[in-house]
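Predicted model only: the values in this text are computed from it and were never measured. Keep in mind that the numbers below use all heavy atoms, side chains included, and drop hydrogens, waters and symmetry copies.
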Amino acid sequence: MKQQLFELVTAISSGCMSDEEIERVADEAAQAYADQDAFLAANPDINYDDDFPIPLGEWVVVGSLPETVLFQADTYQELFQQVVDSFGPTVNFVLKSKQLAKVEPLKALNRIQVQLSSLYPEKGGYVLVDFSEPLDDELQCVLVYKSDLERVMELAVDVGIYAAPAYEALKAAMEESEND
C-alpha cells in the first residue's frame with residue numbers, strides 16, 4: 001500500500017512536494033492504515049478519533065497535504081482563488097475569482113475547469129478533483145494533470161480514498177437530484 005500511496009500523493013501534488021515529503025506521508029499513512037492503534041500510540045500528538053468519517057490512514061494523507069495541493073473552501077470563488085494563489089503571480093489566469101461570485105455552482109465549476117484545462121497543455125491541462133471527505137469545508141479538491149487522471153482514479157480506489165472529477169461529480173449529483 002505504501003507504494004500506491006506514494007504514487008497517488010506524487011500525482012496529486014504536481015511537483016509541489018519533495019520526494020522526501022511524499023515518502024514521509026506515504027510511510028505514515030501506510031502505518032496508520034495497517035495498525036491504527038499502534039500508530040496512535042506511537043504518535044500521541046495526533047488529534048484523531050473514531051468519530052471522523054474517514055479512516056486514520058486517509059486522515060494522515062489529507063492532513064499532510066500543503067495548501068498548495070489540497071484546496072478547501074466553502075464556495076467556488078474561494079476555491080478558485082486558492083488555486084490561483086497556488087500558482088503564484090507568474091501564471092496569468094483569464095478567469096478571475098470575483099467573476100464566480102453570483103454564478104450557480106455547476107456553471108462556476110465549468111468555468112474553473114475550462115480555465116484549468118488550458119494550463120500546462122503538455123499534460124492535457126489540469127482537472128479539479130474532489131478528494132476525500134471534506135471535514136470542515138464544503139469543498140475539498142486537488143489538481144491532477146489530465147494525463148494522470150485515470151491512474152489517480154485507480155490509485156484512489158486501491159487505497160480507498162474517494163476521488164472524482166469535480167465537474168462530472170457535481171453534474172451527476174444534480175442530474176440525480178432532478179430525477180428524484
Side-chain angles (χ1 to χ4, degrees), residues 1-36 39-40 42-43 45-48 52-73 76 78-93 97 112-113 115-167 169:
M1 172 171 273
K2 181 179 171 186
Q3 183 54 42
Q4 292 166 313
L5 287 163
F6 183 87
E7 190 178 346
L8 177 64
V9 174
T10 299
I12 65 174
S13 69
S14 305
C16 292
M17 295 172 71
S18 69
D19 283 349
E20 294 78 26
E21 289 174 295
I22 296 168
E23 180 73 30
R24 181 188 53 77
V25 171
D27 187 48
E28 288 179 2
Q31 290 175 37
Y33 274 117
D35 190 339
Q36 177 174 317
F39 184 82
L40 290 171
N43 299 280
D45 57 326
I46 297 287
N47 183 21
Y48 177 87
F52 282 30
I54 59 176
L56 178 61
E58 182 174 343
W59 187 84
V60 168
V61 170
V62 170
S64 299
L65 297 175
E67 61 186 28
T68 55
V69 174
L70 184 71
F71 307 103
Q72 298 171 301
Y76 288 106
E78 293 169 22
L79 185 82
F80 184 65
Q81 188 59 54
Q82 289 177 21
V83 170
V84 170
D85 293 346
S86 77
F87 280 92
T90 58
V91 178
N92 190 21
F93 285 83
S97 60
I112 292 169
Q113 188 53 63
Q115 175 71 78
L116 293 173
S117 295
S118 69
L119 301 174
Y120 213 140
E122 308 83 59
K123 297 273 192 175
Y126 289 95
V127 177
L128 193 64
V129 174
D130 291 337
F131 190 74
S132 186
E133 186 73 31
L135 299 177
D136 299 321
D137 302 280
E138 292 290 318
L139 309 168
Q140 184 167 284
C141 300
V142 294
L143 291 179
V144 174
Y145 294 127
K146 185 162 180 34
S147 60
D148 293 341
L149 184 62
E150 187 175 329
R151 183 65 182 145
V152 166
M153 294 298 112
E154 291 170 7
L155 289 164
V157 168
D158 290 348
V159 301
I161 297 177
Y162 171 78
Y167 177 75

Fill in: From CG (D27) to CD1 (I22), nearest 0.5 Å
13.5 Å
Fill in: S14/V144 under side chain to side chain contact (heavy atoms under 4.5 Å, CB included): CA gap, chis, key distance, verdict
CA-CA 7 Å; S14 305; V144 174; over 6 Å; no
Discussion item. Would you say that F39 contacts I46 through its side chain, given a criterion of any heavy-atom pair below 4.5 Å between the two side chains?
Written reply: yes
Practice prompt. Grab the two heavy atoms, one from P165 and one from M153, that are nearest each other, plus how far apart they are.
Written response: CD-SD, 4.0 Å
Practice prompt. Indicate yes or no: at least one non-hydrogen side-chain atom of Y33 is less than 4.5 angstrom from one of L5.
Written response: yes
Practice prompt. Give the minimum heavy-atom separation between F87 and T90, together with the two atoms involved.
Written response: O-OG1, 4.1 Å
Worksheet entry | E20 and R24 ion-paired at < 4.0 Å | no
Discussion item. Less than 4.5 Å apart, side chain to side chain, heavy atoms only: is that true for S13 and L65?
Written reply: no
Worksheet item: Does atom CD of E154 have more than 12 heavy-atom neighbours, drawn from other residues, nucleotides or ligands, at distances under 6.0 Å?
Response: yes
Worksheet item: Would a 4.5 Å heavy-atom cut-off, applied to side chains only, mark L143 and V127 as touching?
Response: no
Item to complete: Give, for atom CG of L128 and atom CD of Q115, the distance between the pair rounded to the nearest 0.5 Å.
Response: 12.5 Å
Worksheet item: Less than 4.5 Å apart, any side-chain heavy atom of T10 and any of L8?
Response: no
Discussion item. Can you confirm whether or not the ring centre of F52 sits under 6.0 Å from the ring centre of Y48?
Written reply: yes
Worksheet item: Aromatic ring centroids of F71 and F131 under 6.0 Å?
Response: no
Fill in: Verdict with supporting geometry, D136 and Q72, side chain to side chain contact (heavy atoms under 4.5 Å, CB included)
CA-CA 8 Å; D136 299 321; Q72 298 171 301; over 6 Å; no
Item to complete: Before giving the answer on side chain to side chain contact (heavy atoms under 4.5 Å, CB included), spell out for I112 and Y167 the whole-Å C-alpha distance, their side-chain angles and the decisive distance to 0.1 Å.
Response: CA-CA 9 Å; I112 292 169; Y167 177 75; over 6 Å; no
Fill in: Whether E28 side chain and V60 backbone form a donor-acceptor pair below 3.5 Å
no
Worksheet entry | Interatomic spacing from NZ in K146 to NZ in K123 - rounded to 0.5 Å | 14.0 Å
Practice prompt. Measure the CD-CG distance between E7 and L155 for me, rounded to the nearest 0.5 Å.
Written response: 4.5 Å
Fill in: Contacts of type side-chain hydrogen bond (donor to acceptor under 3.5 Å, both in side chains), residue D85, not counting sequence neighbours
Q81
Response to the item:
Nearest heavy-atom contact between G57 and A29 is O-CB, 3.6 Å
Worksheet entry | Non-hydrogen side-chain atoms of L79 and C141 separated by less than 4.5 Å | yes
Item to complete: Output the distance between atom CH2 (W59) and atom CD (E133), rounded to the nearest 0.5 Å.
Response: 15.5 Å
Item to complete: Indicate yes or no: at least one non-hydrogen side-chain atom of K2 is less than 4.5 angstrom from one of E23.
Response: yes
Worksheet item: Heavy-atom distance under 4.5 Å between the side chains of V159 and M1, does that happen here?
Response: yes
Practice prompt. Could you give me the CA-CA distance, side-chain angles and deciding distance for S117 and Q113, then say whether side-chain hydrogen bond (donor to acceptor under 3.5 Å, both in side chains) is met?
Written response: CA-CA 6 Å; S117 295; Q113 188 53 63; 3.1 Å; yes
Worksheet item: What closest approach, in Å, do P66 and M17 show between heavy atoms, and which atom pair accounts for it?
Response: CD-SD, 3.6 Å
Practice prompt. May I ask you to check whether over 12 heavy atoms, not counting those of E122, lie within 6.0 Å of atom CD?
Written response: yes
Practice prompt. Starting from the C-alpha separation in whole Å, work towards a yes-or-no answer on side chain to side chain contact (heavy atoms under 4.5 Å, CB included) for V62 and Q140.
Written response: CA-CA 10 Å; V62 170; Q140 184 167 284; 3.9 Å; yes
